[in-house]
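Each residue takes its place number in the sequence, starting with 1.
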Amino acid sequence: GEETTLQAQEADLSAQLEERFHQEKDARNKVRLLAMRMGASGAHASQDIADICGVSRATFFEWAKSFREGGFDALLERE
């Protein structure tokens, strides 16, 4: 049902994040991808992710919002 579809989507997303992370050469983008990867795994608190990535929780939530709304393009776009 709905539940398994969601889990499949999340597993798929984790795989995509993993792949993009390994392909990414830009350090700034790597940090953002790492943050989303950790967020997608559900194993880390937002504060822990922010600390590990060296950003504030507010920044982490901004990244997550961008990613949710616009995917990789929104997450990694240059200001």
From CG (Leu33) to CG (Leu17), nearest 0.5 Å: 6.5 Å
Check Ala74 against Ser66 and note the closest heavy-atom contact, atom names and distance. CB-O, 3.3 Å
Stepwise side-chain contact (heavy atoms from CB on, under 4.5 Å) test for Phe61 and Val55: CA-CA 10 Å; Phe61 286 127; Val55 297; over 6 Å; no
Residue pair Leu34 / Ile49, side-chain heavy-atom distance below 4.5 Å: no
With side-chain contact (heavy atoms from CB on, under 4.5 Å) as the test, would you mind laying out the steps for Phe67 and Leu13 before giving the verdict? CA-CA 11 Å; Phe67 186 57; Leu13 180 61; 3.6 Å; yes
How long is the straight-line distance from OG of Ser56 back to CD of Glu62, given to the nearest 0.5 Å? 7.0 Å
Return the NE2 to SG distance between His44 and Cys53, rounded to the nearest 0.5 Å. 9.5 Å
Candidate list Phe60, Phe72, Phe21, test side-chain contact (heavy atoms from CB on, under 4.5 Å), partner Met36, passing option: Phe60
Rounded at 0.5 Å granularity, tell me how far CD in Glu69 sits from CG in Leu75. 12.0 Å
d(Asp48 CG, Arg57 CZ) to nearest 0.5 Å is 10.0 Å
Test applied, side-chain contact (heavy atoms from CB on, under 4.5 Å); reference residue, Arg28; option that passes from Arg32, Lys30, Glu24: Arg32
